[in-house]
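Down below is the structure, laid out as structure tokens.
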There are 2 protein chains.
Amino acid sequence: MRKASRLGKRNSLSRDQIIEAAISILDESGKGGLTFQALATRLATGAGAIYWHVENKDDLLISACDVVIQRTLHSVVERPTPEETIRAVGLALFDCIDTHPWMGTVLAQTPGKMPMVRILELIGQQVRVIGVVEEWAAVSALLSYILGVAGQNAANAQFARKHGLDRSRFLGEVADVWACLDATAFPFVSSISCKLAEHDDRADFLAGIDLLIRAMLPVKR
Amino acid sequence: MRKASRLGKRNSLSRDQIIEAAISILDESGKGGLTFQALATRLATGAGAIYWHVENKDDLLISACDVVIQRTLHSVVERPTPEETIRAVGLALFDCIDTHPWMGTVLAQTPGKMPMVRILELIGQQVRVIGVVEEWAAVSALLSYILGVAGQNAANAQFARKHGLDRSRFLGEVADVWACLDATAFPFVSSISCKLAEHDDRADFLAGIDLLIRAMLPVKR
DNA sequence: ACCTGAACACCGTTCAAGT
DNA sequence: ACCTGAACACCGTTCAAGT
């Protein structure tokens, strides 16, 4: 009943199709929702078929992550100064992981793999343009910071989803717990618990990036 | 055959015993090695018994993490200046996660829970002593950076273990892959691939901490 | 070359039954 | 109150058999 066109193989499974379907499922139902069974059902095929195009689940996750990272980084336009470009890259990544929380875990757990290499490359190029003396220290600090924030944010989102809360309700619950801590043992945390709900993760993130950029520039003035 | 002493319940299972056994298993065989079955065998009991003392696996992981974090932070002695104390806390955490790689994942994925609160508290207190203007920005940047680096390092260690490599062999393999990248598309990454094997994660980490601390201090001189 | 789908090994969690 | 261990649901991966 099937017609396989000569060069298109239009009806058969392709690696790209699989990855695209995986991204959809991950976006819809998180990392826990991506199952070979669910994927097979969506692709109208058997679970085993996927293994012909993909090595295993790790391979699939990394590839899905890489596709999204490529698109995200590609959308960042170069700014007048390298500092501003770094900010733009950071913000793009922040927003990207905010809308695809599953990427936080994947990115943080696949050291040296392509998605991370792309980020490293872009930041490294900009830092090199600035001409920082301790180049590697600056680049690795920026990368770690970005991945750290992204991971935290993703964890928040995933936890909130798991328990059926939205972001502000979730922060509210954390603030409540923190407010109940012993103020003698935890003076700092209990003092900021009330400010937790109203703070802006995105602004905080940018402030951190600026802190790091400022620190690596030669002392001005 | 068993004697249960009146107040000790010496022979019965306790939550602390379970957590301690879990830490041992995690240290020996990583996150993948911690199974309710393995845990039950080590404790000479049934898998179901553990659920009487522990809510679920997440609860167990967080508690295990918290115990180790508590010990680690407790071992840090206060230094003459808050800057030095922050460095000491950072280093202690770095070394801690280096020897207990499983903690990287747990810490990064349990936002607002006790282990993170303890770290936040300690850093927050020191930053408050310094009297930084943008207090929260500084604290959250430090925390994210520390968790980010720790997570990366843990991921390295876990990946290396999974594939039966030691650290330097693992870095060597990553360097090889990076060196094969197209130098036109990835000029930065391929240029640093040769330096990858010889760099010192711990020193890089400290450099990043110093960068952040320097940035939050008022401009000197 | 590529797909099917049953089978396997494994794992977190539950629960009726015990003490 | 606390433990036992079989049972359940689920999931990644494999593989003999198909086309």
Side-chain angles (χ1 to χ4, degrees), chain A residues 1-19 21-22 25-26 28-65 102 105-106 109-110 158-159 162-163, chain B residues 1-19 21-22 25-26 28-65 102 105-106 109-110 158-159 162-163:
Chain A
M1 228 35 175
R2 295 230 189 103
K3 282 185 281 185
S5 73
R6 238 177 339 122
L7 35 76
K9 289 194 185 179
R10 196 165 287 199
N11 292 321
S12 77
L13 219 50
S14 79
R15 195 183 151 91
D16 286 348
Q17 265 172 53
I18 294 174
I19 291 172
I25 296 182
L26 286 163
E28 286 163 23
S29 28
K31 203 178 179 180
L34 180 63
T35 292
F36 275 82
Q37 203 40 254
L39 197 51
T41 307
R42 173 163 313 207
L43 292 165
T45 180
I50 298 167
Y51 280 87
W52 187 261
H53 304 273
V54 149
E55 247 180 78
N56 50 37
K57 198 173 180 181
D58 272 356
D59 179 28
L60 180 60
L61 283 170
I62 295 177
S63 303
C65 189
W102 52 273
T105 327
V106 182
Q109 267 154 20
T110 49
Q158 269 165 333
F159 187 91
K162 197 172 177 180
H163 297 256
Chain B
M1 229 37 175
R2 294 229 191 103
K3 282 185 281 186
S5 73
R6 238 182 335 123
L7 35 78
K9 290 192 184 181
R10 196 166 287 199
N11 292 321
S12 76
L13 220 50
S14 79
R15 195 182 151 92
D16 287 348
Q17 264 172 52
I18 294 175
I19 291 172
I25 296 182
L26 286 163
E28 286 163 23
S29 29
K31 204 178 179 180
L34 180 63
T35 293
F36 276 82
Q37 204 40 254
L39 197 52
T41 307
R42 172 162 314 208
L43 291 164
T45 179
I50 298 167
Y51 281 87
W52 186 260
H53 304 274
V54 148
E55 249 180 76
N56 51 37
K57 198 172 181 181
D58 273 355
D59 178 27
L60 180 60
L61 282 170
I62 295 176
S63 303
C65 188
W102 53 273
T105 328
V106 182
Q109 266 154 21
T110 49
Q158 269 166 333
F159 187 91
K162 196 173 178 179
H163 297 256

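The structure displayed is predicted, hence computed values, not measured ones. Chain letters run A, B, ... following the sequence lines, proteins first and then strands; every chain starts at 1.
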Are [X] and [Y] close enough that some pair of their side-chain heavy atoms sits under 4.5 Å apart?
X: A:Lys162; Y: B:Asp58; answer: yes
X: A:Glu55; Y: A:Ile62; answer: no
X: B:Leu39; Y: B:Lys57; answer: no
X: B:Leu61; Y: B:Gln109; answer: no

Length of the [atom1]-[atom2] vector between [X] and [N], whole Å:
X: B:Phe36; N: C:dC15; atom1: CZ; atom2: P; result: 15 Å
X: A:Lys57; N: D:dC10; atom1: NZ; atom2: P; result: 15 Å
X: A:Arg15; N: C:dA1; atom1: CZ; atom2: P; result: 18 Å
X: A:Gln17; N: C:dC3; atom1: CD; atom2: C1'; result: 14 Å
X: A:Lys31; N: D:dG12; atom1: NZ; atom2: P; result: 11 Å
X: A:His53; N: D:dG12; atom1: NE2; atom2: C1'; result: 18 Å
X: B:Gln37; N: C:dA9; atom1: CD; atom2: P; result: 16 Å
X: A:Leu34; N: D:dC10; atom1: CG; atom2: P; result: 17 Å

Is there a Watson-Crick or G-U wobble partner for D:dA7 with both distances under 3.5 Å, and which nucleotide is it? C:dT13
Watson-Crick or G-U wobble partner of D:dT19, both distances under 3.5 Å: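 Partner of D:dT19: C:dA1.
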Which of the following nucleotides, C:dT13, D:dC3, D:dT13, is nearest to the side chain of B:Tyr51?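 The listed nucleotide nearest to B:Tyr51's side chain is C:dT13.
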Let's see if you can work this out: which of C:dG12, D:dT13, D:dC3 has an atom nearest to the side-chain heavy atoms of B:Ser12? D:dC3
Spell out, as yes or no, whether a donor-acceptor pair under 3.5 Å connects the side chain of B:Ser14 to the backbone of B:Gln17.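 Confirmed, B:Ser14 side chain pairs with B:Gln17 backbone.
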Could you pick out which residue, A:Thr35 or A:Ala49, lies toward the 5' side of DNA chain D when each is mapped onto its nearest nucleotide?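 Closer to the 5' end of DNA chain D: A:Thr35.
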With nearest nucleotides of DNA chain C determined for A:Ala47 and A:Trp52 from heavy-atom distances, which residue corresponds to the more 5′ nucleotide?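 Looking at the nearest nucleotide for each, A:Trp52 comes out on the 5' side.
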